[in-house]
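Here the structure is laid out as structure tokens; the discussion comes afterwards.
Remember, it's 1-based here, ligands and their atoms both numbered in the order they're listed. Computation of the quantities below employed the complete heavy-atom set of this structure, encompassing side-chain atoms and omitting hydrogens, waters and symmetry-equivalent molecules. FYI, the numbering just counts along the sequence from 1.
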Amino acid sequence: MFFTVTCNPALDWMMRLTSFKEGATNRSVFDELSYGGKGVNVSTMLHRLGLETRASGFIAGTTGSALAEGVEAAGVPCDFVRLPAGQTRINVKMKRGEIQDALEETEINGRGPEVGGAAVAQLRERVAALGEGDWLVLSGSLAPGCEAGLYTELARVAAERGARCVVDTTGAALMAALEARPFLIKPNNHELAELAGCDARDEAAVIGAARELAARGARYVLVSCGGDGALLVDADGLVARGSAPSGVLVNSVGAGDSMVAGFLAGLAGAVLPGCEACCPGEGDLSYALRLGLAAGSATAFSSSLATAEQVADLLSATSVEQATERSAVHL
Ligand SMILES: O=P(O)(O)OC[C@@]1(O)O[C@H](CO)[C@@H](O)[C@@H]1O
């Protein structure tokens, strides 16, 4: 089972505008609500790809209730810790341009409610219930009040119970989490370039920065590179390079989370509708990378998180170049 933790989930309010003027009243031409936060998106995509998942983290107020209800209604079981005060944030995702055209995206992410020690203890208990064969996915920014080491602590609790851990966050929280030796982290090439002080298009330098994170504790580093695909790196260097299918970027919200979910589903040997012959079984890194690319791209090419059918349609358009013999992992 894939247990996702989103410390600061959000109602994502997507608004499409044909034009936008600062300091004026602007009106949208299309609005859509989705239930988000990075871990929630990972759970939603894993569920769509046929895997067992449970979404957790912290929720508060009426917006928190709406989020949990919406996620449950989408078929994903939830086990959120309820905070005593505040409201789960509403993140505004503004898209400027005509529907189905390439757009300019602007995001305003809210601060979110304050998380106290009692709520953290409840989340720790939920993580402590995981066991052998389970996965803990820690995704997104930490909420106000959370210590930078929270993910490290939760990852250690999971590891003690025999569960594997995935961390998708940035900055101090990511660096601290490396101490708990997660199985996978997913920075993008821009984040790595910033760490290394290099250009994001400098593949060798990006791989070098990813290797460094692997040497500091991550077993695999999945580097998303937008339309240029993704790189899979371990402490010995590049494991595989994957190319993304071509298409028009309609929505980048949740594309990275879809990639994480697709990668994990691929590792678990998920079989997509109509792609029965493509699945080599569990633990195949190349298939995991292809499914990650297909899921990330399918979401990027549709107005919100992609369906399993949309992911399946793109699977054959992905390709992976294996850089080493390290093509499988024992799970
Ligand atoms: O503020 P964070 O936690 O970094 O990111 C939150 C967020 O932008 O990430 C998801 C897309 O990845 C959205 O559903 C959500 O609004």
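Under a 4.0 Å criterion applied to the non-hydrogen atoms of Asn91, ligand 1 contributes the atoms 6 (C), 15 (C), 16 (O). Near Gly140, meaning under 4.0 Å from one of its heavy atoms, ligand 1 places the atoms 3 (O). Proximity to Gly254 (heavy-atom distance under 4.0 Å) selects the following atoms of ligand 1: 11 (C), 12 (O). Listed by number with element, the atoms of ligand 1 under 4.0 Å from a non-hydrogen atom of Glu107 are 8 (O). Close contacts of ligand 1 with Gly36, meaning ligand atoms under 4.0 Å from a residue heavy atom, involve 14 (O). Listed by number with element, the atoms of ligand 1 under 4.0 angstrom from any heavy atom of Arg89 are 1 (O), 2 (P), 3 (O), 6 (C). Every atom of ligand 1 is numbered from 1 in the order shown, and the set under 4.0 Å from a heavy atom of Asp257 is 10 (C), 11 (C), 12 (O).
In Thr170, neither the side chain nor the backbone holds a heavy atom less than 4.0 Å from any atom of ligand 1.
Remark: the backbone N or O of Ala128 is paired with a side-chain donor or acceptor of Arg161 at under 3.5 angstrom.
In this structure, a donor-acceptor pair under 3.5 Å is present between the side chains of Arg82 and Ser65. Side-chain N/O atoms of Glu105 and Ser252 include a donor and acceptor closer than 3.5 Å.
A salt bridge links Asp79 with Arg126; the closest basic N to acidic carboxylate O contact falls under 4.0 Å.
Nearest-residue assignment for atom 9 (O) of ligand 1 (options Lys38, Arg111, Met14, Lys93; heavy-atom criterion): Lys38.
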Run Asn8 and Arg89 through side-chain contact (heavy atoms from CB on, under 4.5 Å) and show every step you take. CA-CA 8 Å; Asn8 206 351; Arg89 61 189 174 153; 3.3 Å; yes
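An N or O contact shorter than 3.5 Å is missing between Asn8 and ligand 1 by distance.
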